[in-house]
There are 2 protein chains.
Amino acid sequence: MSASQSYIHCQNCNFSHLCLPLALNTDEMDKLDTIVKRNNPLHKNDYLIESNTPLTSLYAVRTGSFKSYIEDDDGEYQITAFHFPGDIIGFDGLREKRHVSQTQALETAMVCEIPFHMLEDVAEKLPNLRNQLMKFMSAEIQQDRELVMLLNKRNAESRLLYFLISLSKRFEERGFSATSFLLPMTRTDIGNFLGLTVETVSRLLTRFQKNGLIKVEGKALEILKKGDMEQMLTDYHINIDSI
Amino acid sequence: MSASQSYIHCQNCNFSHLCLPLALNTDEMDKLDTIVKRNNPLHKNDYLIESNTPLTSLYAVRTGSFKSYIEDDDGEYQITAFHFPGDIIGFDGLREKRHVSQTQALETAMVCEIPFHMLEDVAEKLPNLRNQLMKFMSAEIQQDRELVMLLNKRNAESRLLYFLISLSKRFEERGFSATSFLLPMTRTDIGNFLGLTVETVSRLLTRFQKNGLIKVEGKALEILKKGDMEQMLTDYHINIDSI
DNA sequence: CGTTGGGTTGAGTTATTTCAAATAGTGTGG
DNA sequence: CCACACTATTTGAAATAACTCAACCCAACG
C-alpha cells in the first residue's frame, strides 16, 4: 500500500453507509478493512473487469464511475449497470466464479479491491457481513426486475425520466447535489441502457429542456422540476406536454 | 407432515440436481432436509407469496409451476419469472426481509418451504450451502440481465423464440421432453413477460407454425425445428422467413 | 345456455427507429 | 498551441415494427 493511500480506511470513507461496512461494527469493519486492497486509479475507458476472466475479487467503487455490460457473439452489447461510489461490482460472476460482464471506467476512478477468497474467510466469522452480501445481491435482483418493468411497460419519455431521477437520487445519497451534476456516460450509453437509440435520447433531452424540466449543456445536467418529473413517473398517464 | 408425504426427502427428489442440495453431501443434505416443510398442494391461481408480506421462508418448487410478478401503484404488473421444479423462489425479498413480488400457481403445484431463520442457522455450519445460495442469487442476476438485453436489443420474433427455447431447455434439465410440452401460462402472461401484446404473441405463434418451426394447439406445444430456432437466436440476422 | 376468459385475426395508427447530414467537442502528434 | 481525425451530439425526414381497437371464435363452467 503506498504511503499516499495508507490513511484510507472503511472507517473514514465517505461512502461506507452505502457499502459493505454498512451493517458492521467498528471491530468488524477493521477485519474487513485488513483485506481490502486500494490500488492505483483507473482512467477513462480502462477496464476494471474483463469478461470471462476468473472472479478473484469484488470491487467497491471509491471515486468516479463505471459501466458494466454484457456482450454477445455478434459483438452486440448491453449495459447492465452504472456504478457510483459505494457500489459493489462483481456479483454476477459468483455463479461460475468467472466474470460474465465487463466493467469499464467512465472517468478517472478508484476502487477498493476485495479478494474473494479472503472475503469468504472473513464472512465465515461475521454473520453481519454475510447478511450484507446477500442483501446487496437481493437488491440487485430487485433493481434488475424494476428495470425489466420499465423497459417493458414504459415509453421512451418515461424511461429517460426514470433514468435522470434515479441518477439524481444516487448522487444525493452520496452527498452530491441532487439537482446539478455531470452525466459521466455518453448519450449512446444512456440509450443502450434504456433500450433507446442515441437519437431518441438526444431528442428527448432537448424536449425536456424546452418544457423547462431540465437544463442540459453537454455533460452538465440541471434538474429544474424534480417534483413534476417524479410525478410523471408515478402517474405515468401524465406526460411531458401536460406539464 | 402428513403420512402421505413423509417419504419425500431431498435425497430422493427428482430435482435435487437443480436445487439447493446440489452442492451438498449426504450428511449436509440431511441437515437441510430436517428444516424443509412440505405443505399441501396449491391450486391454479393460488398465491404462494403475496407482496409486502414479511419474508419468512424461501420456497423450492417441487411440482407444477408458478409465475412471479411485481406490481406498481397503477396496478400495472410485470411478470419477472416463471418457476419450475427445482427453482428457488424468494431471493428478491432478502434485502428488506419483505417480499417485493407476488407468486401465483399456474397449475396445481407443490413446494418445499424452507423457513428462513432456520436456513440461516444451517448455513452458518455449512459453507457449501452458503455458497450454493450465493450462486443461486448470482444466477438470477445473470439471467435478469440477459433478459434486459433480450428486451432491449431483440425484436418480437427473437424474444418469443428465446422464450420457447429457454422453456424447452428447462423442461429438458428436469427430465421432461424438450420438444413436446404444455405451456402452463397464458399467451397474455407470455406477452407480459416479454414486453409484447397478446396479439403479437398469438400472431407469432401462428407464423412459427406456418413456417414449420413448431406446432401449437392451445397449451400444447411441439418444437419441430429446434436447431433452426437456436440458430435464429445466435445469428439474429437470420429471421423466420429465411427458414 | 348465457357468461366469461382465453385466443385468433384483420385493419389502421403511431412511437420509435433508421438513414442522412450537419455541428460540436475532444485528444493527439507535430 | 494548432491542425487533424475521430467521436459524440443534434436535427430532420422517411420507414416500420409493434400496438390499439374491434370483431369473432372457442371451451369451460355455473
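Chain A is the first sequence line, chain B the second, and so forth, proteins listed ahead of strands; every chain is numbered from 1. These numbers come from a predicted model, not from an experiment.
Leu160(B) places its CG atom 11 Å from the P atom of dT8(C), with the value rounded to the nearest Å. Summarising the geometry, the separation between CG on Leu196(B) and P on dT20(D) is reported as 11 Å, rounded to the nearest angstrom. Between the CG atom of Leu183(B) and the C1' atom of dT8(C) there is a distance of 16 Å, given to the nearest Å. In this structure, the CG atom of Leu182(A) is 16 Å from the C1' atom of dT9(D), given to the nearest Å. Rounded to an integer number of Å, the gap from CD1 of Ile190(B) to P of dG5(C) is 19 Å. For the pair Leu204(A) CG and dT17(C) P, the interatomic distance rounds to 9 Å; values are reported in whole Å. Between Lys153(A) atom NZ and dA15(C) atom C1' there is a gap of 17 Å when expressed in whole angstrom units.
Comparing atom distances between the Glu199(B) side chain and each of dA18(D), dT18(C), dC21(D) picks out dC21(D) as nearest. Here the nucleotide nearest the side chain of Val198(A), chosen from dT10(D), dC19(D), dT9(C), is dT10(D). Relative to the side chain of Arg203(A), the nucleotides dA13(D), dT9(C), dT9(D) differ in distance, and dA13(D) lies closest.
An OP1 or OP2 oxygen of dT9(C) is reached within less than 4.0 angstrom by a side-chain nitrogen or oxygen of Thr206(B). Regarding contacts with the backbone of dG6(C), every side-chain N or O of Thr188(B) stays at 4.0 angstrom or more from both OP1 and OP2. Listed pair Thr200(B) / dA18(D) fails the phosphate criterion, with no side-chain N or O lying under 4.0 Å from OP1 or OP2.
Taking the six-membered ring where the residue is Trp, Phe82(B) and Phe163(B) present perpendicular rings, their angle passing 60° and hence far from 30°. Ring geometry for Phe171(A) against Phe176(A) counts as perpendicular: the plane angle is over 60°, on a 0 to 90° scale with 30° as the lower cut.
At a threshold of 4.0 angstrom between heavy atoms, the contacts of Leu205(A) with the nucleic acid are absent. As judged by a 4.0 angstrom heavy-atom cut-off over every strand, Gly195(A) is placed among residues touching the sugar-phosphate backbone only. Within the nucleic acid shown, Thr186(B) comes within 4.0 Å of sugar-phosphate atoms alone, with no base atom in reach, counting heavy atoms only. At a threshold of 4.0 angstrom between heavy atoms, the contacts of Lys219(B) are confined to the sugar-phosphate backbone, with no base atom among them.
Salt bridge Lys215(B)/Glu217(B): present, at least one basic N to carboxylate O contact under 4.0 Å.
The closest side-chain heavy-atom distance from Tyr59(B) to Ile114(B) is not below 4.5 Å.
Residues Glu113(B) and Ser57(B) have side chains that bring a donor and an acceptor to within less than 3.5 angstrom of each other.
For a distance-only test at 3.5 Å, the side chain of Arg187(B) fails to qualify as a donor-acceptor partner of the base of dG5(C).
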